[in-house]
Amino acid sequence: MVVEDKILEVNNISFSYEDNLIFENISFSIKKGDVLCILGPNGTGKTTLIKCLNGLHDTDSGEILVNGENIKTLSFSQISKHIGYIPQSHIPSFPFTVFDVVLMGRAPYLNLAQSPKAEDEKIAVKSLKTLGIYDLKDKEYTNLSGGERQLVFLARVLTQQPDILILDEPTSHLDFGNQIKLLEIIDRLAESGLSVIMSSHFPDHAFLSSTKVAIMKNKKFIDFGTPEDVVTEDNLKEAYSIDVKLIELDENRKVCVPMKTNLKLDL
Ligand SMILES: Nc1ncnc2c1ncn2[C@@H]1O[C@H](COP(=O)(O)OP(=O)(O)OP(=O)(O)O)[C@@H](O)[C@H]1O
């Protein structure tokens with residue numbers, strides 16, 4: 001029997017902000033090349049879960065194993081060699097060039113006294129070229145648009161050479177065209193062996209690039225599995241409390257259309 005290698009294993013984790021329980025007893029695992037899309041309504045705890053998965057928050061109970069090692073035993077720079085994290089928004093403070101921002105992705109591999117070497121620069125150039133943004137390299141990061149910044153931040157985490165990418169709403173600042181391009185980039189990165197976890201407000205996106213989907217609501221996953229099994233009209237209704245129509249464009253492509261709610265406003 002072939003045993004699938006779990007790159008990330010989450011066993012029974014719970015988390016609270018002081019006495020406010022956000023989620024409890026969540027368990028799942030992903031393997032090399034998986035893309036997990038986490039869906040769920042606003043305020044349900046997706047970002048909080050993501051912060052637990054990359055060690056920014058300590059869980060109340062349960063364990064998170066990264067390549068078999070408990071995340072609580074790893075230093076920040078050890079975690080950064082395994083996990084590249086792109087938060088929902090990142091406000092740049094200094095006018096570094098794009099190239100310097102991307103090169104900072106090598107930080108986990110350098111000690112405080114070390115400067116990046118030619119090999120580090122080569123890796124940064126490769127990340128910029130992979131994402132098609134090499135032309136931005138001399139621009140000031142502070143002057144970029146939200147969408148350009150998103151891609152530069154992705155280039156920076158690729159430069160970290162992690163096994164797992166964790167992206168919090170990666171398409172939120174991107175225009176219609178760049179959303180689909182980013183999902184295709186995610187697809188290619190997964191094919192090349194990276195594992196990806198992303199949160200999203202777009203259930204369609206799960207059909208485009210995900211191998212697994214989780215729907216988070218009421219402090220737990222109400223479903224977890226393949227996009228075909230999980231992104232259903234019933235599950236979307238339960239998650240978002242609206243009717244949703246699933247339309248099949250062709251055998252490889254489905255879209256989710258939210259129905260009007262006939263909301264009554266007493267204006
Ligand atoms: N630092 C914090 N301290 C206390 N409560 C917090 C903190 N961050 C988030 N919360 C609360 O935890 C709950 C979950 O928030 P979280 O940001 O994880 O949800 P989300 O599913 O990512 O939301 P959205 O889809 O709107 O981005 C919310 O009720 C939020 O108000």
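Numbering of ligands and ligand atoms starts at 1, following listing order.
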Checking Lys137 against Phe99: charged group under 6.0 Å from the ring centre and within 45 degrees of the axis?
no
Taking the side chain as every heavy atom from C-beta outward, state whether Leu183 and Met198 have any pair of such atoms under 4.5 Å apart.
yes
Under 3.5 Å, sequence neighbours excluded: what are the donor-acceptor pairs made by side chains of residues 100-113?
from	atom 1	to	atom 2	distance (Å)
Asp100	OD2	Thr97	OG1	3.4
Arg106	NE	Asp120	OD1	2.8
Arg106	NH1	Thr159	O	2.8
Arg106	NH1	Gln161	OE1	3.4
Tyr109	OH	Gln160	O	2.6
Asn111	OD1	Ala113	N	3.1
Asn111	OD1	Gln114	N	3.1

What's in the same ILVMFWY side-chain cluster as Val230, cut-off under 4.5 Å, chained through other members?
Leu39, Phe207, Val213, Ile215, Ile222, Val231, Leu236, Tyr240, Ile242, Val244, Leu246
Pairs touching residues 18-45 that satisfy ring pair (Phe, Tyr, Trp, His ring centres under 6.0 Å), sequence neighbours left out
Phe28-Phe221, Phe28-Phe224
First-shell residues of ligand 1 [heavy atom, distance under 4.0 Å]
Tyr17, Ile22, Pro41, Asn42, Gly43, Thr44, Gly45, Lys46, Thr47, Thr48, Gln88, Glu169, His201
Heavy-atom distance under 4.5 Å between the side chains of Leu65 and Lys6, does that happen here?
no
